Peer 1: 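Dropping a structure here in structure tokens format, bear with me for questions.
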Amino acid sequence: MLRRFTIFLFVAVSLIIIGGFWWFQYEKHRISRFEDFITTAAERYKLDANLIRAVIWRESDFNPDALGAAGERGLMQITEAAGSEWASHEKLDSYKPTDLLDPRNNILAGSWYLSRALRRWKTFDTPEAPALAEYNAGPSNAKRWNQKLTKPSAQYFLEQVDYPTTKAYIQDILHKYEFYGKQTNPSTLLLIWEKLRIRYIKAYHAIIKPSP
């Protein structure tokens with residue numbers, strides 16, 4: 001009986017190790033396949049590539065076919081309006097909204113929009129916070145949350161954000177941005193933990209009142 005249990009335990013542990021290794025390789029490939037596009041966008045629009053990665057993680061979990069409830073498309077969940085602004089800036093006469101489902105175009109459009117927002121809030125100690133607020137809730141809301149501030153402080157700005165999902169969105173991305181900066185080669189356990197964390201975050205946000 002003990003021998004059977006030992007064999008069963010050995011097989012179970014082996015399967016877990018093999019499964020974990022396979023999942024780790026799959027997850028690394030799923031994320032890294034967009035690296036060239038991310039690098040190109042970061043260089044073109046003067047962004048930190050880790051910030052682009054963090055936004056993609058939060059917006060679509062690296063799913064290029066993701067579609068949002070309000071018509072957002074692709075990896076960085078770009079709206080048609082934002083896509084049109086990007087295309088106009090880049091003078092893309094043949095642009096059409098379906099082009100946003102192309103990972104390269106989507107990352108370029110999202111990075112351009114984020115870069116513009118960062119320039120708008122460059123006087124802040126952490127300009128990523130209001131820029132992400134603008135990315136998620138629009139320029140008018142970001143400006144509204146900035147109205148009562150006496151100094152350009154990200155901490156005070158976050159205290160003014162009255163959309164719970166937007167506040168959580170900003171904090172999630174800043175956390176992931178820091179994670180990417182520190183973890184150049186994350187372990188399997190860290191990847192699994194981060195995967196479970198984003199699943200929990202999305203499930204939680206699905207049951208609370210969404211941002212207008």
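Fair warning: this is a prediction, and the values are worked out from it, not measured in the lab. Excluded from the calculations below are hydrogen atoms, water molecules and symmetry mates; all remaining heavy atoms, backbone and side chain alike, are included.
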Peer 1: What heavy-atom pair brings Lys167 and Val161 nearest, and what distance separates the two atoms?
Peer 2: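 The pair with the smallest heavy-atom distance is CE-O, 3.4 Å.
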
Peer 1: Nearest 0.5 angstrom please: Leu51 CG to Leu174 CG, how far?
Peer 2: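 CG of Leu174 is found 8.0 Å from CG of Leu51.
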
Peer 1: Please name the pair of heavy atoms, one in Ser115 and one in Tyr45, separated by the smallest distance, quoted to 0.1 Å.
Peer 2: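 So the two residues come closest at OG-O, 2.9 Å.
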
Peer 1: Where does the angle between the aromatic ring planes of His89 and Trp112 fall among parallel (under 30°), tilted (30 to 60°) and perpendicular (over 60°)?
Peer 2: tilted

Peer 1: Does any donor atom in the side chain of Tyr169 or Glu59 lie under 3.5 Å from an acceptor atom in the other side chain?
Peer 2: yes

Peer 1: Roughly how far, to the nearest 0.5 Å, is the CD1 atom of Ile38 from the CG atom of Leu75?
Peer 2: 8.0 Å

Peer 1: Please lay out, stage by stage, how Tyr163 and Trp145 fare under the test ring-ring contact (aromatic ring centres under 6.0 Å, His included).
Peer 2: CA-CA 10 Å; Tyr163 293 170; Trp145 294 323; 5.2 Å; yes

Peer 1: Compare all side-chain heavy atoms of Glu72 with those of Ile78 and state whether any distance is below 4.5 angstrom.
Peer 2: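 No, their side chains stay 4.5 Å or more apart.
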
Peer 1: Between Asp48 and Tyr177, do the side chains contain an N or O donor and an N or O acceptor separated by less than 3.5 Å?
Peer 2: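 Side-chain D/A pair, Asp48 to Tyr177: present.
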
Peer 1: Please find the pair of heavy atoms, one from Ala87 and one from Tyr95, that lie closest to each other, and give the distance.
Peer 2: CB-CG, 3.3 Å

Peer 1: Do Arg33 and Pro64 come close enough that some side-chain heavy atom pair is under 4.5 Å?
Peer 2: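 Touching, per the 4.5 Å side-chain cut-off.
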
Peer 1: Under 3.5 Å, side chain of Asn141 to main-chain N/O of Ala137, donor-acceptor pair present?
Peer 2: yes

Peer 1: Just wondering, do Trp86 and Tyr113 contact through their side chains at under 4.5 Å, heavy atoms?
Peer 2: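 No - every pair of side-chain heavy atoms lies 4.5 Å or more apart.
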
Peer 1: Distance check, rounded to the nearest 0.5 Å: Thr79 atom OG1 versus Arg73 atom CZ?
Peer 2: 10.0 Å

Peer 1: Of all the heavy-atom pairs spanning Thr166 and Ala133, show the shortest one and how long it is.
Peer 2: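 In terms of heavy atoms, the two residues are closest at CG2-CA, 4.2 Å.
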
Peer 1: Per the side-chain contact (heavy atoms from CB on, under 4.5 Å) rule, which among Val55, Ile56, Thr40 passes with Ile107?
Peer 2: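 Of the listed options, the one satisfying the test is Ile56.
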
Peer 1: Without swapping roles, check the side chain of Asn106 against the backbone of Met76 for a donor-acceptor pair under 3.5 Å.
Peer 2: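 Yes, Asn106 side chain to Met76 backbone: donor-acceptor pair under 3.5 Å.
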
Peer 1: Closest approach of Leu118 and Ala131, non-hydrogen atoms and distance?
Peer 2: CD2-CB, 3.6 Å

Peer 1: For Gly74 and Ser60, which heavy atoms make the closest approach, and how far apart are they?
Peer 2: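 Heavy atoms of Gly74 and Ser60 come nearest at O-CB, 3.7 Å.
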
Peer 1: Would a distance-only check, ignoring hydrogens and angles, find a side-chain to backbone donor-acceptor pair under 3.5 Å from Asp125 to Ala154?
Peer 2: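 Between the backbone of Ala154 and the side chain of Asp125 there is a qualifying donor-acceptor contact (under 3.5 Å).
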
Peer 1: Cationic tip of Lys176 within the cone over Tyr180's six-membered ring, i.e. under 6.0 Å and within 45° of the normal?
Peer 2: yes

Peer 1: Quick one: does Gln160's side chain get under 4.5 Å of Asn146's, heavy atoms only?
Peer 2: no

Peer 1: First locate atom CG of Leu47, then atom OG1 of Thr39, and finally report the distance between them rounded to the nearest 0.5 Å.
Peer 2: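 With rounding to 0.5 Å, CG (Leu47) is 12.0 Å from OG1 (Thr39).
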
Peer 1: Does Glu85 use its side chain to pair, donor to acceptor, with the backbone of Gly83 at less than 3.5 Å?
Peer 2: no

Peer 1: Taking salt bridge (Lys or Arg N to Asp or Glu O under 4.0 Å) as the cut-off, I'd like each qualifying pair that reaches into residues 146-166, sequence neighbours left out, listed once.
Peer 2: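 Output for this query lists Arg144-Asp162.
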
Peer 1: Sub-3.5 Å donor-acceptor pair from the side chain of Asp99 to the main-chain atoms of Lys96, do we have one?
Peer 2: yes

Peer 1: Rounded to the nearest 0.5 Å, what separation is found between the CZ atom of Phe124 and the OH atom of Tyr156?
Peer 2: 12.0 Å

Peer 1: Who passes side chain to side chain donor-acceptor pair (under 3.5 Å) against Glu134, sequence neighbours left out?
Peer 2: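 Here the qualifying residues are Arg120, Trp121.
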
Peer 1: With rounding to the nearest 0.5 angstrom, report the CG to CD distance, Leu67 to Gln77.
Peer 2: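 The CD atom of Gln77 is 7.0 Å from CG of Leu67, to the nearest 0.5 Å.
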
Peer 1: Would you check, one step at a time, whether the test side-chain contact (heavy atoms from CB on, under 4.5 Å) holds for Asp172 with Trp57?
Peer 2: CA-CA 10 Å; Asp172 292 341; Trp57 165 83; 4.2 Å; yes

Peer 1: Short question: side chain of Ser84, backbone of Glu80 - any donor-acceptor pair under 3.5 Å?
Peer 2: yes

